[in-house]
S.K.: 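Here's a structure for you.
Counting starts at 1 for both ligands and their atoms, following the listed order. None of these values were measured; they are calculated from a predicted model.
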Amino acid sequence: MELTSFIVMDVLEKAKEMERAGEHVVHLEVGEPDFPLPAEVAEAAARAVRSGQNKYSQSMGIPELREAISQYYLSNYGVEVEPERIFVTPGSSPALLAAIKIFADEKGERVAYTDPGYPCYKNMVRFLGLKEVPVKVFEENFFKPTPGELKGFDVMVINSPSNPTGAVYSPSELEDLVKRAEDENFLIISDEIYHGISYGDRDHTILEFTDRAIVINGFSKFFAATGWRLGWIVVPRDKVRLMQCVAQNLFICAPTPLQYGALSFFEEAVVDKCRGYVREYKKRRDYLLSELKRLGFHINYEPMGAFYIFADISGFGTDGFSFSMRALSEAKVAITPGVDFGSNMTQRYVRFSYANSLENIKTAVERLSEWLKRS
Ligand SMILES: Cc1ncc(COP(=O)(O)O)c(C=O)c1O
């Protein structure tokens with residue numbers, strides 16, 4: 001089994017080494033919200049620990065949290081999702097692995113994902129011994145597949161808002177995808193982990209268009225709680241029992257005190273706070289997008305969600321990997337080479353994460369500007 005490493009981790013390690021040697025690095029490589037956990041949630045989790053909620057929970061998650069997530073689907077998307085179909089998982093990543101295996105067992109071993117796209121999909125497919133089907137997407141089409149390309153596989157993982165491009169599928173694109181899945185006989189796994197971090201209309205879940213899909217989401221991005229390792233999966237009714245067996249055998253359960261703490265994420269004041277985080281992301285995106293264009297990066301699309309800009313560096317006469325390594329050692333700005341996200345034209349790109357303060361982003365832009373003038 002051959003898994004690829006995450007080059008961004010190599011960048012991060014080199015940056016940490018430089019920091020240990022006393023240098024100052026601006027981190028625009030990591031895909032992790034910089035905002036704090038809302039205090040209400042921290043307090044609720046601490047209360048759960050103190051009051052003795054420190055044992056295993058039900059493998060599917062505590063009923064109160066599954067009910068709260070079900071309510072969230074109703075109020076956010078106007079979709080009824082019975083709590084029975086919702087499983088709380090230790091982060092969204094193991095939920096993704098389970099989703100891919102469950103749908104591949106039903107439909108077939110060819111699993112598609114976009115290239116460029118989130119690299120763990122490919123590695124999960126490899127890990128499970130299934131067949132990888134990368135679907136090439138291009139900046140001209142806002143990094144989204146065209147309908148004609150959606151065939152020749154059994155399962156497709158989609159990701160909107162997307163890592164690394166910030167692409168967001170419109171309701172009609174999701175509807176077309178569902179139609180296409182029926183016509184071409186494939187199943188859809190929708191990774192909605194960046195839902196809520198969108199700069200146009202509200203996000204639309206695939207469940208507004210079908211209940212035959214599996215949905216993945218969690219508390220890592222909009223709710224800014226990456227270290228909690230708390231996610232959820234919504235499965236079709238006929239997969240509930242199977243998913244329960246998967247949870248019992250593979251996860252046991254998600255961390256119990258954090259599940260109680262997570263109930264507070266759905267309080268209005270907390271959701272409002274997280275919406276405030278999104279307004280900050282938007283300010284950063286607007287600033288960074290226009291500055292990168294001014295510096296000579298080619299960016300001919302508007303990233304509409306998540307906190308990433310996938311920028312074409314071909315105008316600088318080098319490849320994305322060398323560009324990233326030199327930006328780190330010479331400009332002290334850490335960014336991720338595009339090759340981390342696939343092999344379709346990715347050597348031309350680097351990914352900027354703006355999950356960092358506007359002040360730090362401004363410092364990064366100044367440094368890049370000076371460096372590009374010098375080199
Ligand atoms: C597209 C995508 N899906 C899933 C994940 C994993 O999220 P979690 O922290 O819930 O495991 C990430 C994390 O960066 C991601 O970018």
Side-chain angles (χ1 to χ4, degrees), residues 4-9 11-12 27-35 37 61 65 69 86-100 111-125 127 134-135 137 143-144 156-169 188-198 203 205-206 213-234 247 250-251 254-255 258-259 261-262 265 274 281 303-310 335-336 338 340-342 346 351-356:
T4 53
S5 83
F6 221 174
I7 299 170
V8 65
M9 288 307 177
V11 175
L12 185 63
H27 291 274
L28 301 185
E29 80 282 38
V30 204
E32 174 165 60
D34 57 313
F35 293 111
L37 185 74
L65 185 55
I69 296 169
I86 301 168
F87 290 72
V88 182
T89 55
S92 71
S93 300
L96 263 165
L97 192 69
I100 294 171
V111 182
Y113 46 82
T114 65
D115 182 354
Y118 181 54
C120 299
Y121 304 144
K122 175 192 72 188
N123 283 318
M124 287 182 187
V125 172
F127 182 76
V135 174
V137 289
F143 293 110
K144 290 183 268 192
M156 176 161 207
V157 186
I158 60 157
N159 176 217
S160 170
S162 143
N163 176 8
T165 65
V168 173
Y169 292 60
I188 301 169
I189 297 169
S190 182
D191 178 355
E192 303 183 350
I193 190 74
Y194 290 98
H195 265 216
I197 310 179
S198 277
D203 287 304
T205 173
I206 198 84
I214 294 182
V215 164
I216 307 290
N217 204 333
F219 297 98
S220 286
K221 306 294 175 171
F222 175 72
F223 294 107
T226 40
W228 276 37
R229 309 311 305 130
L230 215 53
W232 72 80
I233 178 170
V234 182
L250 269 59
F251 317 145
L258 298 184
Q259 292 189 61
F265 278 123
C274 295
Y281 288 135
M304 290 304 290
F307 31 65
Y308 306 113
I309 297 175
F310 208 50
I335 51 180
T336 308
D340 241 2
F341 304 97
T346 49
R351 186 194 73 174
F352 287 86
S353 161
Y354 46 90
N356 202 334

S.K.: Of the side chain and backbone of Y194, name the one, both, or neither that has a heavy atom under 4.0 Å from an atom of ligand 1.
M.R.: side chain
S.K.: Atom 2 (C) of ligand 1: which of D191, I216, L230 has the nearest heavy atom?
M.R.: D191
S.K.: Residue-level breakdown please: for S93 versus ligand 1, do any non-hydrogen atoms fall below 4.0 Å on the side chain, on the backbone, on both, or on neither?
M.R.: both
S.K.: Only one of Y194, F143, Y118, F352 passes ring pair (Phe, Tyr, Trp, His ring centres under 6.0 Å) with Y308; say which it is.
M.R.: Y194
S.K.: Is it true that the side chains of D203 and S160 contain a donor and an acceptor less than 3.5 Å apart?
M.R.: no
S.K.: Could you establish whether W232 and ligand 1 come within less than 4.0 Å of each other, counting only heavy atoms on the residue side?
M.R.: no
S.K.: Near R229, which atoms of ligand 1 are under 4.0 Å from a heavy atom of that residue?
M.R.: 8 (P), 9 (O), 11 (O)
S.K.: Got M156 and T114 here, is their nearest side-chain heavy-atom distance under 4.5 Å?
M.R.: yes
S.K.: How far is atom 5 (C) of ligand 1 from the closest protein heavy atom, and which atom is that?
M.R.: Y118 OH, 3.3 Å
S.K.: Quick one: which ligand 1 atoms are inside 4.0 Å of a heavy atom on Y121?
M.R.: 1 (C)
S.K.: Starting from atom 8 (P) of ligand 1, find the nearest protein heavy-atom neighbour and note its residue, name and distance.
M.R.: S92 OG, 3.3 Å
S.K.: In terms of atom number and element, which parts of ligand 1 are under 4.0 angstrom from non-hydrogen atoms of N159?
M.R.: 1 (C)
S.K.: Please confirm whether the ring centroid of F265 lies under 6.0 Å from the ring centroid of F222.
M.R.: no
S.K.: Checking side-chain hydrogen bond (donor to acceptor under 3.5 Å, both in side chains) against E192, which of T205, N217, N159 comes through?
M.R.: T205
S.K.: Where is the nearest protein heavy atom to atom 13 (C) of ligand 1: which residue, which atom, and how far?
M.R.: K221 NZ, 3.1 Å
S.K.: Over 60° means perpendicular and under 30° means parallel, so tell me whether F307 and Y281 are parallel, tilted or perpendicular.
M.R.: tilted
S.K.: Would H27 and L12 satisfy side-chain contact (heavy atoms from CB on, under 4.5 Å), going step by step from the backbone distance to the final call?
M.R.: CA-CA 8 Å; H27 291 274; L12 185 63; 3.9 Å; yes
S.K.: Can you say whether the rings of F219 and F223 are parallel (under 30°), tilted (30 to 60°) or perpendicular (over 60°)?
M.R.: tilted
S.K.: I'd like to know whether ligand 1 has S220 as a neighbour, heavy-atom separation below 4.0 Å.
M.R.: yes
